[in-house]
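Order of the sequence lines sets the chain letters (A, B, ...), proteins ahead of strands, with each chain counted from 1.
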Protein chains: 2
Amino acid sequence: MIDERDKKILCAVVQSYINSPDPVGSRFITKKYAFSLSPATIRNIMSDLEEMGFLSQPHTSAGRVPTDKGYRFYVDFLCSEEYQADNRTFVYELTRELESIKNDIDILLSETTRRLSNFSHYLGVALSPKAGIATFNRIKLMKYRGNQVVTILLTDEGLVKNKIVDVDFELSQRDLNRISSYLNSEFYGSTLEDIRLRIIREMAEEKILCDTLISRAIRICREALSFQYGDIFISGFSEVLGLPDFSDIERIKEISKAIEDKHLIIKLLDKLSKSEGIQIIIGSENSAVEMKKFSVVASTYKEGNKPIGSVGIIGPTRMDYSKTIAMVDIAARFLTGIVSGNR
Amino acid sequence: MIDERDKKILCAVVQSYINSPDPVGSRFITKKYAFSLSPATIRNIMSDLEEMGFLSQPHTSAGRVPTDKGYRFYVDFLCSEEYQADNRTFVYELTRELESIKNDIDILLSETTRRLSNFSHYLGVALSPKAGIATFNRIKLMKYRGNQVVTILLTDEGLVKNKIVDVDFELSQRDLNRISSYLNSEFYGSTLEDIRLRIIREMAEEKILCDTLISRAIRICREALSFQYGDIFISGFSEVLGLPDFSDIERIKEISKAIEDKHLIIKLLDKLSKSEGIQIIIGSENSAVEMKKFSVVASTYKEGNKPIGSVGIIGPTRMDYSKTIAMVDIAARFLTGIVSGNR
DNA sequence: TATTAGCACTCTGATATTGAGAGTGCTAAA
DNA sequence: TTTAGCACTCTCAATATCAGAGTGCTAATA
């Protein structure tokens with residue numbers, strides 16, 4: 001088993017590797033940390049830790065490097081401790097500079113991720129509020145250029161979605177008003193996802209659609225709901241290029257491929273958002289192959305008590321977890337505050 | 001002066017360098033192109049071309065590489081010729097797959113740039129319609145959660161912009177309707193830029209604002225107009241990573257820095273959109289330092305006869321100009337068709 | 001029994017050396 | 001004006017060398 005002393009040494013190794021990306025040797029540990037042990041002893045312990053899978057050697061006669069399991073141990077250990085990094089400037093920037101854009105969630109998120117990446121030097125990511133669980137507030141239809149209708153959909157959470165819909169039948173603004181008041185009374189208080197499902201169901205049971213007004217209402221509403229459900233914001237690519245972890249071209253291609261496929265990251269964040277609090281995934285713990293060399297720290301922001309979106313940081317497994325966790329936590333709380341304060 | 005034969009050899013050099021990124025030597029030219037001249041003669045000519053600034057040598061005893069001036073000559077020559085690459089699949093993809101999203105200009109542009117980058121292996125870029133020159137069609141105001149107002153602004157061009165505005169005074173929906181009908185009659189047919197200027201002017205002359213209704217109308221309208229004016233779409237970063245031109249890390253940092261600063265590219269495209277037709281900027285011809293190692297091929301798409309946005313390709317100076325020009329042209333015509341057909 | 005000093009061994013990474021290959025410029029001949 | 005011939009230059013890849021850092025093992029020590 002791993003005893004107290006081993007733990008401390010493991011953490012020391014992880015920490016100094018995080019600090020600078022050179023494999024750490026036994027002598028270095030004795031010098032940097034006051035364990036009052038000789039290098040030889042440290043070597044023995046490190047050898048044990050390697051056997052247990054926490055450390056590995058890039059080659060014989062190099063120092064040790066943490067494995068993903070090693071990082072995992074370190075992070076779990078961290079979380080059981082009090083940590084406090086100095087994030088005052090970060091908090092300050094978020095609150096001072098972004099408070100004013102609270103009404104535009106997209107800009108808010110993109111600015112937040114930008115600051116996350118600026119301060120962390122990793123990728124900042126955020127998932128916009130999930131439209132599916134948003135609550136229908138009202139829909140407004142406006143006649144527009146020829147046979148087009150502009151639909152405007154409001155939710156209780158502050159989402160405003162508009163869509164231009166082509167209709168193949170003649171409709172007056174009065175018809176549209178009737179249609180929208182039908183939809184408003186019919187759907188008020190439902191979630192968009194429920195509405196979507198209900199529409200699909202009702203369209204299947206074609207008989208109901210005999211009533212032209214209702215039929216048209218449903219068709220327009222379906223279009224109005226057909227926007228992209230989860231939008232993702234990623235920023236900081238040029239930040240990660242500066243990291244020593246991305247000094248060779250293959251790694252760069254890897255991460256750019258991972259970013260490219262936004263769908264992948266949306267899915268990932270979405271999965272993480274199912275759980276409460278800060279979620280951490282380290283390297284190979286990722287289910288997607290593309291992400292197996294990166295770590296993800298993510299949390300959710302809420303409207304009231306309902307988690308509506310995610311925010312996080314993606315970086316190399318050799319990541320300053322302590323700082324990263326703190327920053328993601330701050331960002332999540334900040335967003336929650338803004339979004340919830342908007343009612 | 002440069003005679004006909006020199007021209008042909010220059011073009012041959014540029015072409016084979018574009019074809020593969022090795023400095024091209026005299027022997028190679030004699031073999032690949034049927035000039036019925038010996039390598040020695042070619043050498044003399046190439047030496048002349050170097051003196052004239054069209055070619056350069058990476059080092060003594062390497063082949064020649066085109067300078068930016070060389071590319072420029074080649075491109076100008078190209079443009080005077082008939083060229084026709086096979087872009088049928090590209091055209092097909094654009095028309096078949098994107099016709100259906102004609103009502104959502106943002107998605108349309110992002111999908112178009114994606115395809116541009118897929119087919120060209122360079123960066124695809126597009127500038128969304130300039131809101132400034134768009135024509136005010138109508139504004140709609142809706143009361144929303146407490147003291148908020150949702151503004152929806154429509155333009156003749158199919159732009160729909162919404163904004164949540166905090167108001168610090170009590171307003172009924174009836175008040176809002178009055179305000180919007182005031183704004184609608186006041187601004188109908190003006191461009192958004194004119195409206196913006198007028199609002200600034202009127203707010204400066206405070207006396208006019210004695211009338212509370214008008215004063216509030218103006219304030220709300222100002223907010224409604226305060227969205228981001230030019231949005232840019234860039235895609236294909238992982239495409240360029242595959243190019244031999246970006247096989248070293250410094251080049252990658254350069255281009256990622258250039259992309260990072262979207263503002264820069266917006267300005268660039270905006271400037272290019274002042275002229276008619278396909279615009280080509282090669283390397284050092286760029287005014288911005290960050291872009292001096294890249295080439296830009298851009299055109300505008302129009303609504304009717306009015307250019308409203310830009311589309312283009314950014315890549316290394318060693319670019320397949322012929323193909324690129326054709327693709328940008330196709331994309332611009334395609335977008336023009338969609339946008340203009342929407343009325 | 002746990003720790004440590006000593007030492008041989010291993011692997012990396014920087015530096016220097018070499019030689020083939022490709023291409024040039026120049027000169028003199030056609 | 002064009003071309004053959006040739007000496008010269010530069011790159012790039014392969015190879016050798018060597019200091020430095022770190023390990024593992026053994027035997028001595030507390």
Measure the distance from CD1 on Ile42(A) to P on dT4(C) and round it to the nearest whole Å.
9 Å

For Arg5(B) and Gln57(A), find the nucleotide of DNA chain D closest to each by heavy atoms; which residue's nucleotide sits nearer the 5' end?
Arg5(B)

Can you tell whether the side chains of Lys8(B) and Glu4(B) come within less than 4.0 Å, N to carboxylate O?
no

Just compare dC10(D), dG25(C), dT3(D) and give me whichever is closest to any side-chain atom of Ser38(B).
dT3(D)

In terms of the nearest nucleotide of DNA chain D, which residue is placed more toward the 5' end: Ala62(B) or Phe28(A)?
Ala62(B)

Value in whole Å for how far the P atom of dG22(D) lies from NZ of Lys32(A)
13 Å

Please report, rounded to the nearest Å, how far the P atom of dT24(C) is from the CG atom of Asp48(B).
13 Å

Looking only at side-chain N and O atoms, does Ser38(A) offer a donor or acceptor that is under 3.5 Å from a partner on Thr41(A)?
yes

Parallel, tilted or perpendicular: which one describes the rings of Tyr17(A) and Tyr71(A), with boundaries at 30° and 60°?
tilted

When the distance from CG of Leu37(A) to C1' of dA5(C) is rounded to whole Å, what number comes out?
15 Å

Look at Ser47(B) and dT24(C) and indicate whether a side-chain polar atom (N or O) is within less than 4.0 Å of OP1 or OP2.
no

When rounded to whole Å, the CG to C1' distance for the pair Asp22(A) and dG22(D) reads 13 Å

Round to a whole Å and report the spacing from CG of Leu49(B) to P of dG25(C).
12 Å

When you measure from the side-chain N and O atoms of Arg43(A) to the phosphate of dA5(C), is any distance below 4.0 Å, counting only OP1 and OP2?
no

Is Glu260(A) salt-bridged to Lys257(A), cutoff N-O under 4.0 Å?
no

Quick one: the side chain of Thr60(B) and the base of dT9(D), do they pair up donor-acceptor inside 3.5 Å?
no

Which nucleotide in the list dT3(D), dT4(C), dT24(C) gets nearest to the side chain of Ala40(B)?
dT3(D)

Asp76(A) with Arg72(A): basic N within carboxylate O range, under 4.0 Å:
yes

Let me know the distance between CD of Glu51(A) and C1' of dG24(D), rounded to the nearest Å.
13 Å

Rounded to whole angstrom units, what separation is found between the CD1 atom of Ile29(A) and the P atom of dA21(D)?
17 Å

If you compare every side-chain N and O of Ser61(A) against the phosphate oxygens of dC9(C) (OP1, OP2), does one of them come in below 4.0 Å?
no

